[in-house]
Amino acid sequence: MDWPISMRIFSTIENAVDQVLSRINSDTRMNDIKKYQLSKSTACLKYTDILPHNEKSMPVTKEFLQKVIDILMDFINETNDRNCKVLDFHHPDKMKQLLDLEVPDKGVALQQLIEDCAKTLKYQVRTGHPHFFNQLSCGLDLVSMAGEWLTATANTNMFTYEIAPVFILMENVVLEKMREIIGWNGGDSILAPGGSISNLYAFLAARHRMFPGYKEKGLHSIKGQLVMFTSDQCHYSVRSCAAVCGLGTDNCVEVPSDKRGRLIPSELERLVIERKSKGHIPFFVNCTSGTTVLGAFDPIEEIANICQKYKMWLHVDAAWGGGLLFSNKYRHPRLTGIERADSVTWNPHKLMGTLLQCSTIHFKEDGLLISCNQMSAEYLFMQDKLYDVQYDTGDKVIQCGRHNDIFKLWLQWRAKGTEGFEKHMDHLMELSEYMTKRIKAMSDKFYLILEPEMVNVSFWYIPTRLRGVPHTPEKEKELGKICPILKGRMMTAGTLMVGYQPLDERPNFFRNIISSAAVTESDVDFLLAEMDRLGHDL
Ligand code: ABU
């Protein structure tokens, strides 16, 4: 649709002003980079002049690392300063010109490394900024970050107790506590590199439980076509399990969901019966607690009944919604029945605000993980070590090396206490309710797509020219076209980031996420006003 000429002129002027401001801003921050000046004697030194290469270099090492910490502290400061931008956006070609990304034959001096660090953060999106609403993982929890700094310094691998004794014990304590919160007594868990891999672990354990011969004999040990079920709103990693594990995506059956994005149990049962009548073997159902786009919760109890009836494994993908288990106010009915699951994915790096990445997978039955994945590598998992080798967790997983993702969560939990997490959950949910209320109050400018079950708020922004026009499928298409343009303006202005996407038949719409402890009601007000400032003329 063509814009009126006056709007086009206004928009061009506004873009020009934005560009000049961004250049001034950019130059100012270029000077900022220069402020990280090492002393003259240190600036031209190289990596060989610091530890461990030069044993007498503690003062120089300290000066270098202190300067890196100054840069990090400034980034933290800017992240929490609402007058600073969320991002300094440039297209990839321009960004390549702004950066020196070359990996050289001869190493550069310490001063250059400091400038490299400063420049890297200058152009990094501040995902902890109170006006960053773009991803499921928003925010910068400083205690968890302190944990990540310590983790980086300890630089260990989580496969054996012998090289990570304290961290392994922390894992045991934290994961046991999480299982207790799910509602289990006993069981087993592991931290995995992301929710998708956690879901894969669930799939592998389920198949192993039902067909223990698969591990040695492979495909031929299963006399029939395995089939899994999940809603059409699930995370794509569930379908990916079918592709990766030899079922084929045709055998990952998509179950229709209702208008609010929740799996319809009667449809699940119908599809299970249909596949059984073809001689297939239904064995695994994924139930999502907190879908990625709409934040919907599948009805666990009803799905659990069907799983029980047809002897299928019930996996709950609560990567997103798991955090609500802490909240007495919001846990029910969303997660009611989760204790009936055989496995649960739960990502602390999402709603709980733990630093990326921190993803957990839990099993009701103990011993399955090791039995399913154990390869007994003799060079790593010797059985005659001086300590109890059950603490060597590395053989429970399909990867070898495992990053230490526990310390940042353990430290954060120590700081907040379980009570603190509950308050955090309630705060995020109340802010989302506030946003929903504000959107409804400004129904001329915003159209709420559905009542949120979680912190995902789905809506369209309505520019001036479409206000008062009846809401029809044609209007929705028009509103959908506006999303990428308005998002582009947010990024160019650098003041705000909110995600958008299409979903099924619905054209593009905004999905706002409030998962950061930094966000207040005023930030929600800012977000709505800023969208209107940037988009009213579209
Ligand atoms: N793994 C889901 C993350 C998607 C998001 O942040 O929007």
Side-chain angles (χ1 to χ4, degrees), residues 86-87 124-141 144 191-203 230-244 252 257 261 286-298 315-324 343-362 403 405 409 428 431-432 435 449-450 452-459 483-484 487 490-491 496-504 506 508-519 527:
V86 179
L87 79 162
Q124 169 52 28
V125 177
R126 296 186 178 103
T127 57
H129 194 291
H131 300 157
F132 178 84
F133 301 92
N134 205 69
Q135 244 44 72
L136 302 188
S137 305
C138 303
L140 183 61
D141 183 295
S144 186
L191 282 126
S196 302
I197 303 299
S198 298
N199 288 341
L200 179 63
Y201 275 120
F203 177 99
T230 185
S231 96
D232 56 12
Q233 301 292 309
C234 74
H235 190 258
Y236 66 88
S237 58
V238 179
R239 271 206 319 281
S240 149
C241 290
V244 171
C252 177
S257 53
N286 174 67
C287 164
T288 310
S289 292
T291 59
T292 309
V293 179
L294 298 178
F297 287 77
D298 292 342
H315 174 62
V316 174
D317 179 0
W320 178 217
L324 291 185
S343 53
V344 173
T345 291
W346 174 0
N347 285 5
H349 71 227
K350 290 193 165 106
L351 217 48
M352 288 162 67
T354 312
L355 256 65
L356 282 159
Q357 61 180 335
C358 190
S359 178
T360 62
I361 170 74
H362 307 272
H403 188 256
D405 289 327
L409 171 58
L428 298 176
L431 274 177
S432 306
M435 179 166 181
I449 291 177
L450 80 173
E453 273 196 274
M454 211 186 147
V455 298
N456 309 41
V457 181
S458 304
F459 65 95
C483 295
K487 174 70 181 273
M490 290 180 208
M491 291 183 66
L496 182 66
M497 281 184 80
V498 181
Y500 74 87
Q501 67 292 296
L503 185 65
D504 307 323
R506 206 173 264 141
N508 283 330
F509 60 91
F510 286 105
R511 176 206 68 169
N512 192 74
I513 298 294
I514 304 180
S515 65
S516 162
V519 178
L527 145 72

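Heavy-atom basis, side chains included; hydrogens, waters and symmetry copies ignored. Start at 1 and go down the list; that is how both ligands and their atoms are numbered.
Side-chain contact of Asp317 with Thr345: a donor-acceptor pair under 3.5 Å is absent, judged by distance alone. Side chains of Asn347 and Ser359: a donor-acceptor N/O pair is present below 3.5 angstrom, by distance only. Residues Thr292 and His235 bring no donor and acceptor atom of their side chains to less than 3.5 Å of each other.
For ligand 1, residues of the protein lying within 4.0 angstrom by heavy-atom distance are Gln135, Leu136, His235, Thr292, Lys350, Arg511.
The ring-ring contact (aromatic ring centres under 6.0 Å, His included) check on Phe133 picks up nothing, with sequence neighbours excluded.
Not a single donor-acceptor pair under 3.5 Å links the side chain of His349 to the backbone N or O of Leu356.
Nearest heavy atoms, Val455 versus Leu428: CG1-O, 3.7 Å.
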